Amino acid sequence: MSLSSIPTKLARTSSRYFSREIIQNIKPWGSTTNSPYRFYSTTLPISYSFDSSPSGLNLSHWPITKTNTILNIVPQGHKYIVERLGKLSSIQDSGFFFAIPIIDKISYVIDERERAVRIDPQSAITRDNVSVEVSGNLFIQFMDPQKAAYGATNPLYSVMQHAQSAMRSAIGEMELDEILHGRARLNAIIKGSLQEAAVAWGLEIRRYEITEITPDEQIRVAMDKQAAAERDRREQVLRAEGDKRRAELTSEGVKISLQNESEGMLIKVKNEAEANRTRAILEAEGEAQAVWIRAEAQAKAIEKIASELKKEGGEDAARLALAQEYVKMYGEMGSKSNTMFFNQNAGDVTSLLVQAASALNATAKVPVPDKGNSS
């Protein structure tokens with residue numbers, strides 16, 4: 001009979017015994033030493049917890065084992081490593097399986113769910129010789145149960161120690177300002193260093209997050225002073241920029257005002273010049289039209305006088321009209337001034353008539369303009 005057929009035969013031949021002794025009598029672990037329960041493995045159950053240490057993992061409880069109860073149930077997200085006579089026999093996935101008491105031993109219980117490991121604050125020296133304490137969280141997940149069981153004595157402790165040393169090494173290559181402003185870069189460096197080492201332990205480093213960076217007291221005081229000085233500098237710069245901007249806006253406003261005023265004066269001068277030019281043109285046109293009308297009227301009058309002089313008695317009438325105008329002129333002169341100058345025979349009517357005839361003869365020699373040319 002092969003060893004692989006033993007679990008099946010035991011299940012068939014001792015089902016009544018199994019039902020009475022195990023199923024009815026099984027109670028939670030942790031009873032007193034006088035407990036009547038029967039165990040079917042020489043390996044005693046080990047209580048384990050992931051929340052009893054400051055780092056979130058009870059690193060001293062490794063490996064995590066489980067008692068072989070013949071019919072064993074693997075929870076979801078876990079894997080059991082079964083050893084037969086001290087040698088790896090199988091890796092059981094979630095579900096149930098049978099194991100031979102005494103011969104088969106559940107040596108490792110691997111939890112494949114992602115878990116967080118808290119890295120306690122560690123002292124480190126930066127490249128610019130500043131002492132800081134840095135803490136973080138490491139998120140890991142078991143991917144290879146066989147490497148997790150046999151790759152290291154305690155893979156959780158190993159990855160935690162390696163994370164601390166990798167964090168110190170990465171901090172030593174960076175200055176304080178780079179650490180404070182480049183956490184993402186620091187996280188990537190630490191994660192890359194851990195991933196290379198964690199492959200042999202069956203672990204996958206999901207991510208590493210720095211939670212707190214605490215410089216020493218003197219550096220904190222200096223940083224506070226520097227921050228206060230920086231705030232004062234920014235305040236002064238902002239105030240100076242505000243004053244500068246206000247002066248620029250004020251001068252720009254004055255410039256725009258003067259520009260608008262000068263443009264208004266220019267428009268005013270242009271309008272006035274245009275009005276004067278238009279007025280001069282209109283006045284000149286009016287005066288020219290008036291001169292033309294007067295000349296046309298005078299020409300018509302001369303023509304009329306010439307035509308009248310040609311009639312019978314026209315010359316005598318013209319002489320009489322000139323004499324009347326002559327007398328009227330002396331009358332107007334006498335009304336405006338007390339002193340008057342006369343010709344030698346100013347009161348001689350015959351002399352006046354002679355002068356009038358001379359004027360009439362002078363006008364008769366002037367050619368009469370044609371009607372067609374006068375227009």
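Position 1 is the first residue of the sequence; numbering continues from there. This is a predicted model, so every value here is computed, not measured.
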(message) How close do Ser107 and Pro63 get, counting heavy atoms only, and between which atoms?
(response) O-CB, 3.9 Å
(request) Say whether Ile81 and Phe97 are linked into one hydrophobic cluster, either directly or through other cluster members, by side-chain heavy-atom distances under 4.5 angstrom. (result) yes
(request) With the side chain counted from C-beta on, respond yes when Gln122 and Asp120 share a heavy-atom pair under 4.5 Å apart, and no when they do not. (result) yes
(request) Output the distance between atom CZ (Arg234) and atom CZ (Arg231), rounded to the nearest 0.5 Å. (result) 9.0 Å
(request) Please examine the side chains of Ile70 and Phe98, heavy atoms only from C-beta on, and report whether any two atoms are closer than 4.5 Å. (result) yes
(request) Enter the distance from Asp111:CG to Phe142:CZ here, rounded to the nearest 0.5 Å. (result) 8.5 Å
(message) Any salt bridge linking Arg239 with Glu235? Criterion: basic side-chain nitrogen under 4.0 Å from a carboxylate oxygen.
(response) yes
(request) Over all heavy atoms of both residues, which pair between Gly151 and Trp201 is shortest? Give the atoms and the distance, please. (result) O-CD1, 3.8 Å
(request) Indicate whether the side chain of Thr69 and that of Asn72 have a donor and an acceptor atom separated by less than 3.5 Å. (result) yes
(message) Check for me, please, whether Ile64 and Met160 land in the same ILVMFWY cluster - side-chain distances under 4.5 Å, paths through other members count.
(response) yes
(message) Tell me whether Arg277 is salt-bridged to Glu274, with the criterion being a basic N under 4.0 Å from an acidic carboxylate O.
(response) yes
(message) More than 12 heavy atoms of other residues, nucleotides or ligands under 6.0 Å from CD of Gln298: yes or no?
(response) no
(request) Kindly give the heavy-atom pair with the smallest separation between Val132 and Val134, and that separation in Å. (result) CG2-CG2, 4.0 Å
(request) Mark yes when over 12 heavy atoms from residues, nucleotides or ligands other than Gln161 sit less than 6.0 Å from its CD; otherwise mark no. (result) yes
(message) If I take atom CD from residue Glu252 and atom OG1 from residue Thr250, how far apart are they, to the nearest 0.5 angstrom?
(response) 10.5 Å
(message) Is the shortest side-chain heavy-atom distance between Ser135 and Ile119 below 4.5 Å?
(response) no
(request) Give the cluster check for Ile125 versus Ile171: same hydrophobic cluster or not, with ILVMFWY residues linked at side-chain heavy-atom distances below 4.5 Å. (result) no
(request) Measure the spacing between CG of Leu138 and CD1 of Ile205 and express it to the nearest 0.5 Å. (result) 5.0 Å
(message) Does Glu230 have more than 12 heavy atoms from other residues, nucleotides or ligands lying within 6.0 Å of its CD?
(response) yes
(request) State, with a plain yes or no, whether a side-chain heavy atom of Met174 is found less than 4.5 Å away from one of Arg127. (result) no
(request) Of all the heavy-atom pairs spanning Ile190 and Ala163, show the shortest one and how long it is. (result) CG2-O, 4.5 Å
(request) Check the pair Glu133, Ser123 against side-chain contact (heavy atoms from CB on, under 4.5 Å), reporting the backbone distance first and the verdict last. (result) CA-CA 4 Å; Glu133 288 187 356; Ser123 297; 3.8 Å; yes
(message) How close do Lys66 and Val109 get, counting heavy atoms only, and between which atoms?
(response) CB-CG2, 3.9 Å
(request) For Gln141 and Glu112, indicate whether the former's side chain and the latter's backbone hold a donor-acceptor pair under 3.5 Å. (result) yes
(message) If you count heavy atoms of other groups shown closer than 6.0 angstrom to CD of Gln218, is the number above 12?
(response) no
(message) With a 4.5 Å cut-off on side-chain heavy atoms, are Arg279 and Leu282 touching?
(response) no
(message) With clusters defined by side-chain heavy atoms of hydrophobic residues (ILVMFWY) lying less than 4.5 Å apart, directly or transitively, does Leu88 cluster with Val74?
(response) yes
(request) Write down the atom of Ile110, the atom of Pro145, and the distance for their closest heavy-atom approach. (result) CG1-CB, 4.2 Å
(request) Flag the pair Tyr108 / Ile91 as yes when at least one side-chain heavy-atom distance between them is below 4.5 Å, and no otherwise. (result) no
(message) Does any part of the side chain of Arg84, heavy atoms only, come nearer than 4.5 Å to the side chain of Asp104, both counted from C-beta?
(response) yes
(message) Nearest 0.5 Å, please: how far is CD1 in Ile73 from OG in Ser94?
(response) 11.5 Å
(request) Might you work through the side-chain contact (heavy atoms from CB on, under 4.5 Å) test for Arg115 and Ile140, ending with a clear yes or no? (result) CA-CA 6 Å; Arg115 66 185 69 185; Ile140 60 175; 3.7 Å; yes
(request) Please assess Glu241 against Lys244 for the test salt bridge (Lys or Arg N to Asp or Glu O under 4.0 Å), listing each intermediate value before the final yes or no. (result) CA-CA 5 Å; Glu241 289 180 353; Lys244 176 184 177 182; over 6 Å; no
(message) Strictly distance-based, threshold 3.5 Å: is any side-chain N or O of Asn68 a donor or acceptor partner for the main-chain N or O of Ile100?
(response) yes
(request) Give the cluster check for Met143 versus Leu203: same hydrophobic cluster or not, with ILVMFWY residues linked at side-chain heavy-atom distances below 4.5 Å. (result) no
(message) Under a 3.5 Å distance rule, please check whether His162 uses its side chain to pair with a backbone N or O of Ser158 as donor and acceptor.
(response) no
(message) Taking the side chain as everything from C-beta on, heavy atoms only, tell me whether Leu85 gets closer than 4.5 Å to Ile103.
(response) yes
(message) Does Glu261, at its CD atom, have more than 12 non-hydrogen atoms belonging to other residues, nucleotides or ligands within less than 6.0 Å?
(response) no
(request) Taking atom CD of Gln76 as the centre, report whether more than 12 heavy atoms of other residues, nucleotides or ligands fall under 6.0 Å from it. (result) no
(message) Applying side-chain contact (heavy atoms from CB on, under 4.5 Å) to Asn137 and Tyr208, what does each step give before you reach the verdict?
(response) CA-CA 6 Å; Asn137 287 326; Tyr208 185 89; over 6 Å; no
(request) Return yes if some donor-acceptor pair links the side-chain N/O of Ser193 with the main-chain N/O of Ile189 below 3.5 Å, else return no. (result) no
(message) For the backbone of Ile210 and the side chain of Asn187, can you confirm whether one donor and one acceptor N or O come within less than 3.5 Å of each other?
(response) yes
(message) How long is the straight-line distance from CD of Glu209 back to CG of Leu186, given to the nearest 0.5 Å?
(response) 10.5 Å
(request) Output all residues satisfying salt bridge (charged side-chain N to carboxylate O under 4.0 Å, His left out) with Glu204, sequence neighbours left out; order by chain, then residue number. (result) Arg206
(message) A quick test of your reading: do over 12 heavy atoms of other residues, nucleotides or ligands sit less than 6.0 Å from CZ of Arg185?
(response) no
